[in-house]
S.K.: 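I am attaching a structure below and will ask some questions about it afterwards.
A quick note: this is a predicted structure, and the numbers were derived from the prediction, not measured. Order of the sequence lines sets the chain letters (A, B, ...), proteins ahead of strands, with each chain counted from 1.
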Amino acid sequence: MAEADAKQPLSFQDMILTLHAYWSARGCAILQPYDMRVGAGTFHPATTLRSLGPEPWNVAYVQPSRRPTDGRYGENPNRLQHYYQYQVILKPSPADLQEQYLGSLAAIGIDPLLHDIRFVEDDWESPTLGAWGLGWEVWCDGMEVTQFTYFQQMGGFDCKPVAGELTYGLERLAMYIQNVDNVYDLRFSDAVGDVAAVSYGDVFLENERQFSKWNFEVADTDSLFAGFKAAEAECQRAIEAGVPLAAYDQAIEASHLFNLLQARGVISVQERANYMARVRDLAKGSCKAWIDSQSERWTQNYPGWVL
Amino acid sequence: MTDFLLELRSEEIPARMQAGARIELEKLFRAQLSAAGIEAGDLTIWSTPRRLALIARDLPEATAAVSEELKGPRSSAPPQALEGFLRKTGLTQDQLEDRDGVWFAVIDKPGRATKDVLAEAIPAIVRGFSWPKSMRWGRESASSESLRWVRPLSGIVAIFGEELVPCEIGGIASGFATRGHRFHCPGEITIGSASDYAEKLRACHVIVDHAERQAIIRDGAAKAAADAGLTLVDDEGLVVENAGLTEWPVPLLGLFDDAFLEVPPEVIQLTARVNQKYFVVNGADGKLANGFVCTANIDAKDGGAEIVAGNRKVLAARLSDARFFWEQDQKKTLAQHAEKLANITFHEKLGTVADKVERVAKLARWLVEEGIVTSCSPAKAGAHGDRATGPRLSPGNKELADQAELAARLAKADLVTEMVGEFPELQGLMGGYYARAEGLPDAVADAIRDHYKPVGQGDDVPTAPVTVAVALADKLDTLAAFFIVNEKPTGSKDPYAIRRAGLGIIQLLNKSNIRFKLTRAFGVFVVERMKGIARQYPGFGPDFDKLLTELESLPYDEALEYVEKVRPNRDILFEERGRACFPEILDFLADRLKVQQREAGVRHDLIDAVFALGGEDDLVRLLARVKALQAFMATEDGANLLAGYKRAANILKQAGQGSSPAEAGAQSGEAEPSVDGSTGPRLSPGNMTEHDAALLAALDAAEPAAAAAVADERFTDAMAALASLRAPIDAFFEGVMVNDPDEAVRAYRLGLLARFTGAVHGVADFSKIEG
């Protein structure tokens with residue numbers, strides 16, 4: 001792994017490894033990505049479900065995120081339908097969360113006396129998760145590099161205690177650090193010996209082309225609609241069966257299918273709100289079921305804690 | 001006398017909340033001290049993104065001793081009442097005073113050290129603070145009762161003189177220590193007193209006075225631009241916002257690729273401002289140039305080169321998005337964009353935006369075809385809007401009608417463009433650009449651009465005929481549409497900006513002196529609305545299709561009658577009102593007119609006086625009449641005539657005769673003929689005094705003169721005709737007794753008075769006039 005202060009800026013993968021080492025050293029469990037298609041790192045159950053309840057929870061992970069409508073067939077230097085978020089959850093939020101975060105920027109090579117780091121108001125809300133929080137988007141020389149949020153509610157329930165969430169946009173940050181204007185020009189890994197360096201484009205350009213086409217033009221809308229209904233029904237069944245983690249998987253599934261339907265342009269403005277409400281109901285129902293399944297243990301281990 | 005310093009340090013406070021927070025801090029501090037008997041004098045309140053600071057100068061060391069007196073129950077009251085009073089005051093019965101059978105408690109409160117007052121006040125201020133949005137954080141937030149603040153509260157400095165004011169809130173204890181600039185001086189610094197606070201912070205790269213930071217940004221940004229031969233486009237909102245985002249502001253100039261200047265300047269400015277909080281600059285030619293000024297929060301080691309480079313890159317990405325939208329949007333014509341409006345709901349009860357566009361297009365065309373909006377200059381536009389004959393269009397007006405209809409059909413098309421999707425505030429403006437780019441006539445492009453105008457008092461009021469036709473039609477449609485489904489604004493709630501639409505109508509009509517009966521336009525709305533519904537449900541039944549054919553073939557006035565006739569049979573219109581709500585709309589507009597004219601110094605009671613006559617739905621004429629009335633009321637004749645009128649009205653009222661136009665109307669059959677010399681009782685010459693005769697003669701002359709003047713809209717002449725009644729009515733009251741014992745004489749004189757008030761009512765309802 002390259003050092004941050006070496007002459008050459010960190011490769012994409014070294015930036016991730018540096019962040020892993022940094023947060024690991026601060027007590028975070030380094031988790032792996034959730035194995036489902038999600039729109040953001042927040043959808044990982046390690047954030048959504050674990051931000052509920054009184055138990056301390058400190059984790060960091062990379063989450064591949066899919067936003068079908070952001071696809072540009074590989075032709076836009078800044079927009080991707082699949083990209084990576086680096087997600088840190090610290091519950092309860094530590095008093096020095098901002099300082100810890102700024103330390104992580106320094107670790108990946110951003111000097112705050114050379115670059116203008118700013119905390120600009122940006123209140124976060126996820127209508128499909130029934131979640132909101134207050135915080136900032138963090139600017140580096142005018143570019144948003146991180147979403148910094150103190151969760152206040154998740155699935156419609158108060159977060160007690162509040163978790164701090166950091167969501168780094170890895171591609172943006174890497175483009176910044178490596179000073180490249182096109183995401184596909186990012187150095188993904190460095191050359192080692194006679195093994196050549198790999199670019200982000202080498203890894204993902206073809207994916208962007210094919211998935212943009214599928215998302216916008218090919219995906220069969222009938223089966224997407226059917227899939228949405230099926231996920232909705234299965235989520236309810238799982239809630240009734242008392243397996244909220246499985247129910248939540250179906251909420252994630254429904255959410256992604258809804259995003260695909262939007263990319264296919266088959267959801268009208270009026271229907272949109274209705275579908276979002278349905279996804280929210282699934283997410284809220286799963287959160288509620290999760291709380292129900294855990295609250296006995298929570299109240300036992302944390303006397304005085306109430307929902 | 002001692003100075004007090006309070007600093008509440010937190011994580012970054014949103015820039016937009018800082019001004020309000022300063023006001024809140026001052027309010028709560030004064031309230032706390034005042035409750036303890038200390039009047040705080042001048043306060044200095046400062047804010048940065050990371051702190052709120054307050055300095056109170058010359059506070060006393062201690063509060064004055066006070067003696068408080070509490071009134072208790074009567075000494076004869078049951079013992080429970082006395083017990084309660086003793087509990088409340090904490091006294092025993094022998095400490096109370098009995099004054100005339102009532103118990104009084106006199107409680108002497110010794111003075112308290114101000115420091116102690118402050119130690120209690122600070123937690124109360126923090127807990128009582130009202131933020132637009134607040135949050136919980138940290139370990140404490142496991143409990144619902146945990147402290148709330150705008151962002152996590154991290155430190156409190158509270159120093160009275162040079163002594164610490166000890167207090168603790170939510171686990172945060174007060175102290176002498178604060179922190180300087182986040183990056184330049186991250187360590188703790190120790191404050192000694194209020195007097196060294198600002199300078200110690202300055203030494204640590206924090207300018208705590210927000211006004212000073214604003215000045216640095218204002219002047220520094222202008223200088224950065226000027227040094228490069230450019231001129232800063234002033235933007236005080238950005239000055240304040242950037243001052244709220246920085247503790248050590250450093251304005252820096254950057255340049256962007258001038259190829260982006262092909263994008264409309266408003267788009268560049270908005271992108272720079274809204275997304276990046278940058279100022280923009282003009283070149284020597286006064287046009288937008290390829291520069292921007294960003295405000296950094298550090299003295300960068302390299303003088304800011306890296307910061308400028310980074311910001312330039314971000315702006316370039318934003319501008320390429322904007323250019324992408326600009327190019328993408330132009331791949332379709334506005335007419336093609338407009339097709340998508342059928343997917344956008346205007347209001348759940350009112351269909352889609354496409355439905356609205358169809359109605360507005362018809363109404364805009366109608367306004368021109370009826371000669372209501374014409375191409376001649378406003379001053380020459382006459383009162384020919386109400387002619388009964390059908391449209392007589394000159395070739396010029398045919399073109400105007402075509403352009404108005406076209407502009408109306410395209411006016412909302414930009415709502416579905418990418419650019420307006422990104423920047424909703426560019427609605428209209430982008431449509432204008434796109435219209436021009438596709439080669440539409442300037443008059444059409446201007447109308448699309450300006451048809452939302454005026455948006456409130458003080459905004460430019462369009463006068464170009466095509467624009468006026470579209471702007472007026474759009475607003476008339478909005479107004480009628482929401483009234484017809486009974487979604488009127490109530491109290492402070494006006495979610496559809498209907499009041500603004502009403503005001504806009506008034507401004508447009510006045511500015512171009514447009515004369516017509518508004519109710520006719522509402523009639524067009526009702527008919528077009530019905531056509532829209534009939535089109536929307538083609539399979540609803542054969543009679544629905546017939547209805548549409550019928551409506552298409554009839555002129556609007558007849559079509560309206562037809563709609564009103566079939567309305568009750570239409571379930572689908574069950575909740576909708578028709579013509580019945582027109583008077584409500586006119587009342588609503590009269591209210592808007594009152595509000596709007598108040599600023600111009602027009603008396604609202606005079607508007608009422610003219611409006612109360614009823615039947616007036618020509619706002620321009622109404623206003624001309626009101627203004628003539630106001631001028632008349634300012635004269636001695638006017639004031640005296642009003643006095644005479646009130647006296648007459650009183651006498652009539654006591655005699656059981658109404659005097660308002662509505663009431664009088666019911667009686668006119670009896671009252672008026674009796675004195676017109678042809679029918680009814682006549683006075684014998686013996687009973688007829690010179691005053692009766694003079695008033696009768698004056699009325700005979702004034703009535704037709706006033707009526708003719710009103711008919712010709714010579715309102716000043718109408719007032720002069722009324723003025724001629726002043727001397728005779730004064731002399732009449734002076735010289736005769738109305739309630740003469742002779743019933744016939746009394747009836748005659750009451751009749752005369754009724755005729756007098758009637759004549760006055762021909763001009764205005766004087767009963768509405770105050771004074």
S.K.: Pick from B/Ser144, B/Ser320, B/Ser134: which one has the most heavy-atom pairs with chain A under 4.5 Å?
M.R.: B/Ser144

S.K.: As an exercise: rank B/Thr295, B/Asp299, B/Val308, B/Val250 by heavy-atom pairs under 4.5 Å with chain A and give me the winner.
M.R.: B/Thr295

S.K.: Is A/Leu102 close to chain B through its backbone or its side chain, or both, or neither, when contacts mean heavy atoms under 4.5 Å?
M.R.: side chain

S.K.: Could you check which of A/Leu113, A/Asp111, A/Ile117 has the highest count of heavy-atom pairs closer than 4.5 Å to chain B?
M.R.: A/Leu113

S.K.: Hey, which of A/Leu90, A/Asp116, A/Asn78 has the most heavy atom pairs under 4.5 Å with chain B?
M.R.: A/Asp116

S.K.: Scan side-chain atoms only and decide if A/Gln8 and A/Gln178 contain a donor-acceptor pair under the 3.5 Å cut-off.
M.R.: no

S.K.: Can you tell me which portion of A/Glu144 sits under 4.5 Å from chain B's heavy atoms? Options are side chain, backbone, both or neither.
M.R.: neither

S.K.: Under 4.5 Å from any heavy atom of chain A, what part of B/Val150 do you find: side chain, backbone, both or neither?
M.R.: backbone

S.K.: Can you tell me which of A/Pro161, A/Pro56, A/Pro92 forms the most heavy-atom pairs within a distance under 4.5 Å of chain B?
M.R.: A/Pro161

S.K.: Quick one: do A/Glu217 and A/Arg264 make a salt bridge, cutoff under 4.0 Å?
M.R.: no

S.K.: When only pairs under 4.5 Å are counted, which of A/Gly304, A/Cys140, A/Gly135 shares the most heavy-atom pairs with chain B?
M.R.: A/Gly135

S.K.: Going by an N to O cut-off under 4.0 Å, is there a salt bridge joining B/Arg16 and A/Glu121?
M.R.: yes

S.K.: Given side-chain contact (heavy atoms from CB on, under 4.5 Å), test B/Cys204 with B/Ile189 step by step and report yes or no.
M.R.: CA-CA 8 Å; B/Cys204 291; B/Ile189 52 174; 3.4 Å; yes

S.K.: Is the charged tip of A/Arg26 near the ring of A/Tyr22: under 6.0 Å from the six-membered ring centre and within 45° of its axis?
M.R.: yes

S.K.: Taking every heavy-atom pair that is under 4.5 Å apart, which of B/Ala300, B/Gly138, B/Pro49, B/Gly310 has the most such pairs with chain A?
M.R.: B/Gly138

S.K.: Given a strict heavy-atom distance threshold of 4.5 Å, which part of A/Asn179 is in contact with chain B: side chain, backbone, both, or neither?
M.R.: both

S.K.: Can you tell me which of A/Pro94, A/Pro112, A/Gly164, A/Pro77 forms the most heavy-atom pairs within a distance under 4.5 Å of chain B?
M.R.: A/Pro112

S.K.: For a quick test of reading the model, state the closest non-hydrogen atom pair linking A/Trp23 to A/Gln100 and the distance between them.
M.R.: CZ3-OE1, 3.3 Å

S.K.: Checking heavy atoms, do the side chain of B/Asp321, its backbone, both or neither come under 4.5 Å from chain A?
M.R.: side chain

S.K.: Using non-hydrogen atoms only, which part of A/Pro54 is less than 4.5 Å away from chain B: side chain, backbone, both, or neither?
M.R.: neither

S.K.: Of all of B/Lys301, B/Arg139, B/Arg151, B/Lys133, which one pairs up most often with chain A through heavy atoms under 4.5 Å apart?
M.R.: B/Arg151

S.K.: Just by modelled atom types, is the A/Cys159 backbone N or O under 3.5 Å from a matching donor or acceptor in the A/Lys91 side chain?
M.R.: no

S.K.: Is the shortest distance from a Lys or Arg side-chain nitrogen in B/Lys313 or B/Asp257 to a carboxylate oxygen in the other one below 4.0 Å?
M.R.: no

S.K.: Looking at A/Trp139, does the NZ or CZ of A/Arg118 lie under 6.0 angstrom from its six-membered ring centre and within 45 degrees of the ring axis?
M.R.: no

S.K.: Between B/Lys277, B/Glu140, B/Arg318, B/Arg312, who has the most heavy-atom pairs with chain A when the cutoff is under 4.5 Å?
M.R.: B/Lys277

S.K.: Is A/Glu99 salt-bridged to B/Arg182, cutoff N-O under 4.0 Å?
M.R.: yes

